[in-house]
Amino acid sequence: MTNEEIWECMQRDLDGDLSVQEQQVLRNLIQKDADLQLMYNRLKTVSQKLEQLPPVVPSISIVDSILPRLESAAAKPAVVQSAVLEESLPTLEVKRKSSSLAESKKWKRVKVWLAGIGSTAVAACLLVGVLFSGSEEKPLQPDAFQNGADSTPPVVTKDPVVYGPEAPTPSTNPSPLNKKEEEKKSEKAPPKKQTHKPPAKTEYKPPAKPPAANATPPNKAPANVPKPVVVTEDKPPSFPVGLEEKSDEDDNKSAREKDDGDKDEEKDNKKDNKQEERESNKENDD
Amino acid sequence: MQEAELIRLAQTGDHDALVELLRSIETSVYRSAYYILGNEQDALDAAQEVLIRIYRKLDTYQEKAKFSTWVQRIVSNVCMDKFRAKKETVSIDEHELIIPDRNNVEDEILLTGLSNDIQEAIGKLPRQYRMVVVLRYLEDLSYQEIAEALDLPLNTVKSYLFRARQQLQELLYDYQKGGIG
């Protein structure tokens with residue numbers, strides 16, 4: 001028998017778990033070995049001390065301390081508690097669910113509307129921005145021409161000053177109706193005049209003298225028109241239109257007039273002289 | 001009135017029988033809790049919890065097991081919950097690896113000079129050992145009943161009990177011997 005087996009037999013003997021034969025074998029081994037006898041005695045002493053542990057008693061009656069809780073729980077049986085729950089829980093749950101669902105739906109709708117409004121606002125802003133940017137980009141091109149025309153303001157101012165006194169003379173002619181119609185036409189369709197202007201310019205520019213000669217016959221009918229070159233022969237326009245056209249013409253002519261400025265003055269002087277001669281001849285005839 | 005009759009009446013809803021049954025087991029419940037937990041306050045709290053559980057779950061008790069064994073099982077469960085609440089995580093193996101310092105004079109004085117040296121030694125046992133010792137010596141349960149109460153194999157119960165006694169013997173005598181030597 002090994003030491004472990006002897007040790008186990010000692011333990012079992014303390015618990016009264018050994019048979020009579022096992023107890024006899026153990027006693028024989030212990031009597032022969034002093035160490036085994038010492039160990040057995042110590043274990044037996046420990047066991048005796050454990051058996052002699054003082055009986056501990058609670059300072060208070062634990063049952064009395066918990067009885068109020070137990071009786072209150074007994075006074076409120078499960079039926080009462082379930083009734084209370086049925087009164088409160090279902091209604092509260094339903095209300096919470098309904099309110100929460102309604103609120104969630106409302107919030108979803110509001111969010112959808114807000115998203116739609118926001119998207120439309122953004123689209124409108126973009127459209128307005130595109131329109132303004134497009135409208136601003138177009139005038140930039142004529143502005144460039146205007147800037148170029150700004151360099152010739154003195155020429156523009158000179159023309160009205162020169163032809164101002166001569167304007168009343170055509171007003172006496174029977175062409176006011178035509179002028180009015182032309183004014184209306186000019187108001188109605190200004191781009192057409194602009195389209196007609198380039199050819200007029202081409203007619204005026206290279207052959208400076210021939211148009212002057214062609215212009216003279218119609219001006220002869222009024223007889224008092226001294227400067228047929230100034231009056232647009234294609235369409236006898238009204239003054240505002242003519243002024244506008246002159247300004248456009250001046251834009252192109254300005255540079256040429258600067259070069260040929262002396263020639264024009266000579267032509268005007270010649271024409272004036274011719275008219276004076278004609279008037280003097282008429283007076284003489286009269 | 002006998003315990004079996006009290007149990008039957010209490011299970012049928014007799015409130016007085018239930019209270020009388022609780023009073024009959026009150027001291028044993030408190031004693032086990034006291035030696036397992038090691039202090040009076042925790043023992044009172046645990047005993048109250050045990051009695052309340054018995055009050056509420058008495059209808060689940062079946063006569064297959066001894067009533068005292070069933071009660072001690074509840075005691076051990078409540079005490080284990082208390083241990084877990086205190087986060088006392090010293091395992092049995094860890095405790096076995098501890099080499100006692102034989103030059104610690106204070107321990108020798110505590111173990112040899114005081115009359116409650118065995119209680120101090122019990123307090124130094126691992127929890128499982130402590131429960132087995134308490135059930136064996138204070139509640140006088142057999143190996144099988146301890147195994148049922150603690151839900152442990154029979155051999156494990158024996159092993160725990162034998163090791164617990166060996167450790168107590170070492171605590172009470174070996175320290176004294178080392179100090180003298």
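A note on names: the letters A, B, ... follow the listed sequences, proteins ahead of strands, and every chain is numbered from 1. Everything quoted here is computed from the prediction, not taken from an experiment.
Between the NZ atom in A/K44 and the CZ atom in B/R165 there is a gap of 12.5 Å [rounded to 0.5 Å]. Interatomic distance, B/E26 CD to A/I66 CD1, rounded to the nearest 0.5 Å: 8.0 Å. The CD1 atom of A/I62 lies 7.0 Å from the OH atom of B/Y30; values are rounded to the nearest 0.5 Å. We find the OG-CG distance between A/S61 and B/L22 to be 10.0 Å, quoted to the nearest 0.5 Å. A/R12 CZ to B/L161 CG: the interatomic distance, rounded to the nearest 0.5 Å, is 12.5 Å. To the nearest 0.5 Å, the span separating CD on A/E51 from CD1 on B/I118 amounts to 11.0 Å.
Between B/K158 and A/E8, the closest side-chain pair of non-hydrogen atoms is not below 4.5 Å.
With hydrogens and angles ignored, the 3.5 Å screen pairs a side-chain donor or acceptor of A/Q11 with a backbone N or O of B/F162.
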Worked verdict on B/L168 versus A/R42 for side chain to side chain contact (heavy atoms under 4.5 Å, CB included): CA-CA 10 Å; B/L168 288 174; A/R42 287 178 179 175; over 6 Å; no
A/L67 vs B/H15, side chain to side chain contact (heavy atoms under 4.5 Å, CB included): CA-CA, chis, key distance, verdict: CA-CA 11 Å; A/L67 262 181; B/H15 185 262; 4.3 Å; yes
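For A/W7 against B/Q166, the heavy-atom pair with the smallest separation is NE1-OE1, 2.8 Å. The two residues A/K49 and B/D117 make their nearest non-hydrogen contact at NZ-OD2, 3.4 Å. Taking every heavy atom of both residues into account, A/S59 and B/L44 meet most closely at OG-CD1, 4.4 Å. Looking at every heavy atom in both residues, B/Q119 comes nearest to A/L53 through CG-CD2, 3.8 Å. Residues B/Y137 and A/S47 come closest through the heavy atom pair OH-OG, 2.7 Å.
Interface residue B/V133: only side-chain heavy atoms are found under 4.5 Å from chain A. Proximity to chain A (any heavy atom under 4.5 Å) is restricted, for B/L138, to the side chain, taken from C-beta onward. Proximity to chain B (any heavy atom under 4.5 Å) is restricted, for A/D17, to the side chain, taken from C-beta onward.
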